[in-house]
Protein chains: 2
Amino acid sequence: MRVSKEQAAKNRERVVDVAGQLFRERGFDGVGIDAVMAQAGLTHGGFYKSFASKDELIAEACQAAGVRSVEDWIGHAANSSDPFVDLVTRYLSPAHCRNRKDGCVFAALATDVGRRDRPVRAAFAERLKAFSTHVARLMPGRSAARRREGALAAVATMIGAIAMARAADDEEFAAEVLAAARATLLGKDGASAPGLQG
Amino acid sequence: MRVSKEQAAKNRERVVDVAGQLFRERGFDGVGIDAVMAQAGLTHGGFYKSFASKDELIAEACQAAGVRSVEDWIGHAANSSDPFVDLVTRYLSPAHCRNRKDGCVFAALATDVGRRDRPVRAAFAERLKAFSTHVARLMPGRSAARRREGALAAVATMIGAIAMARAADDEEFAAEVLAAARATLLGKDGASAPGLQG
DNA sequence: ATTATCTATAGATCTATAGATAATGC
DNA sequence: ATTATCTATAGATCTATAGATAATGC
């Protein structure tokens with residue numbers, strides 16, 4: 001029954017990872033401790049020797065999934081010839097839309113996190129800031145301030161578009177939203193972006 | 001105990017309205033039937049004479065709150081001298097960010113709805129399409145196709161920005177996100193929007 | 001001896017139903 | 001007589017804890 005300290009640490013990590021996946025699929029309130037522990041291959045009674053509460057797990061899962069999300073999206077883009085195009089195209093793809101479990105935690109849980117307590121929101125916000133900072137570096141634009149501004153808006157557009165596409169029961173509408181967000185962020189359709197005044 | 005048919009219909013409507021507010025504040029899974037009925041001034045036992053299930057209430061609440069949200073945002077903008085600027089400025093305001101209960105249902109529940117069953121997603125998507133169509137009409141742009149595309153992207157940006165701002169525990173970051181989304185959608189900072197390639 | 005995990009369960013909460021109650025509507 | 005609402009409760013589920021078990025680590 002008892003395992004080594006090393007194994008116990010790995011088990012704890014697996015619980016956090018598995019929780020991050022299940023939360024993205026079903027939401028924080030849609031997943032019980034027993035489901036998380038079962039998915040990690042443990043029984044639910046042992047949970048409270050590793051975590052003070054479910055909220056602590058939620059905060060850690062947001063932190064860990066956030067780190068992973070930033071690494072994945074930014075890492076892949078950085079190895080591409082056109083990082084910003086790579087990021088936007090992959091992020092706003094039907095494949096990402098379908099894959100909630102391993103997809104971006106920000107797009108999966110944005111409105112849910114807004115209702116959680118401070119530690120959860122702090123963990124989420126910290127990773128969201130890191131993501132935005134990395135996106136600003138990939139971003140075309142004259143000044144750092146403009147890249148920062150553009151990055152924050154681009155992140156909002158990407159998160160909002162994926163959330164909309166997943167919410168809609170209509171595949172065609174979902175695809176249209178993703179295409180519109182891609183075109184607008186990448187300026188595919190002409191000299192000036194839609195939404196510009198004057 | 002028993003009330004008139006007319007009063008019963010009003011009670012049912014109030015339950016749907018109250019549910020829409022509570023769901024926006026606490027999420028679908030964060031609100032029980034008893035809380036909804038209590039807020040509507042009724043006891044929870046009577047709920048199932050009006051609704052087949054909680055999911056039916058959720059679908060109706062999304063529908064009703066969606067109709068209301070579209071009326072509010074589009075109606076106010078239409079009476080303004082510059083409808084698109086009015087919409088974007090009011091939507092992406094700290095006041096809207098604070099007011100979840102009566103705020104836009106799309107920004108409050110986007111990621112939650114993606115995990116619900118088909119009827120809920122259908123009701124939500126229908127209203128989201130109506131909102132997008134109305135935004136396209138307010139939208140500057142040369143062709144109808146470009147206005148449509150711009151509207152979908154603008155809606156995604158607005159929903160994403162409010163979700164991000166509410167998720168963050170950091171007021172300054174929240175304000176920065178809203179300002180960046182406003183500036184990008186309204187093209188406040190120069191000839192071309194950030195994010196444009198070339 | 002310590003402790004990571006397991007079994008079992010307490011206590012709270014949530015959806016849904018059954019049957020009672022009292023006012024409406026024929 | 002019908003029915004909108006209420007009281008009461010069944011049954012499921014969820015967070016958290018207590019105590020047992022068995023392998024680690026001194």
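- Between the side chains of N11(B) and Q7(B), a donor-acceptor pair is found at a separation under 3.5 Å.
- Within residues 39-52 of chain A, the residues that have a heavy atom under 4.0 Å from DNA chain C are, in order of number, L42(A), T43(A), H44(A), G45(A), G46(A), K49(A).
- The side-chain heavy atoms of I58(A) and F124(A), taken from C-beta on, include no pair separated by under 4.5 Å.
- Applying a 4.0 Å cut-off to non-hydrogen atoms, none of the residues of residues 16-33 of chain A approaches DNA chain C.
- A heavy-atom distance below 4.5 Å is not found between the side chains of F23(B) and V105(B).
- Remark: E126(A) pairs with no residue by the salt bridge (Lys or Arg N to Asp or Glu O under 4.0 Å) rule, at least two apart or across chains.
- The local environment of CD in E171(B) is sparse, with at most 12 non-hydrogen atoms from other residues, nucleotides or ligands closer than 6.0 Å.
- Heavy-atom contacts of chain B under 4.0 Å fall on DNA chain D between two terminal nucleotides, which in 5' to 3' order are dT2(D) to dT9(D).
- Between S69(A) and F131(A) the shortest side-chain heavy-atom distance does not fall below 4.5 Å.
- Using a 4.0 Å cut-off between charged side-chain N and carboxylate O, D112(A) and R116(A) make no salt bridge.
- The aromatic rings of W73(B) and Y91(B) sit tilted relative to each other, their planes meeting at an angle between 30° and 60°.
- Here the side chains of V113(A) and F28(A) are in contact, with some heavy-atom distance below 4.5 Å.
- Within 6.0 Å of atom CZ in R68(B), 12 or fewer heavy atoms from other residues, nucleotides or ligands are found, so the atom counts as exposed in its surroundings.
- Using a 4.5 Å heavy-atom threshold, the side chains of M158(A) and L87(A) count as touching.
- Between atom CG of residue D86(A) and atom OG1 of residue T89(A) there is a gap of 7.0 Å, rounded to the nearest 0.5 Å.
- Residue R98(B) holds its CZ atom at 8.0 Å from OG of S93(B), rounded to the nearest 0.5 Å.
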(request) Kindly express the pairing pattern of DNA chain C in dot-bracket notation, using | wherever a base pairs with another strand and counting only Watson-Crick or G-U pairs under 3.5 Å. (result) ||||||||||||||||||||||||..

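- Of the residues in residues 108-116 of chain B, none has a non-hydrogen atom less than 4.0 angstrom from any atom of DNA chain D.
- Hydrophobic clustering of Ile, Leu, Val, Met, Phe, Trp and Tyr side chains at less than 4.5 Å, counting indirect connections, keeps V67(A) apart from L57(A).
- Summarising the geometry, atom NE2 belonging to H96(B) is positioned 10.0 Å from atom CG belonging to L178(B); distances are rounded to the nearest 0.5 Å.
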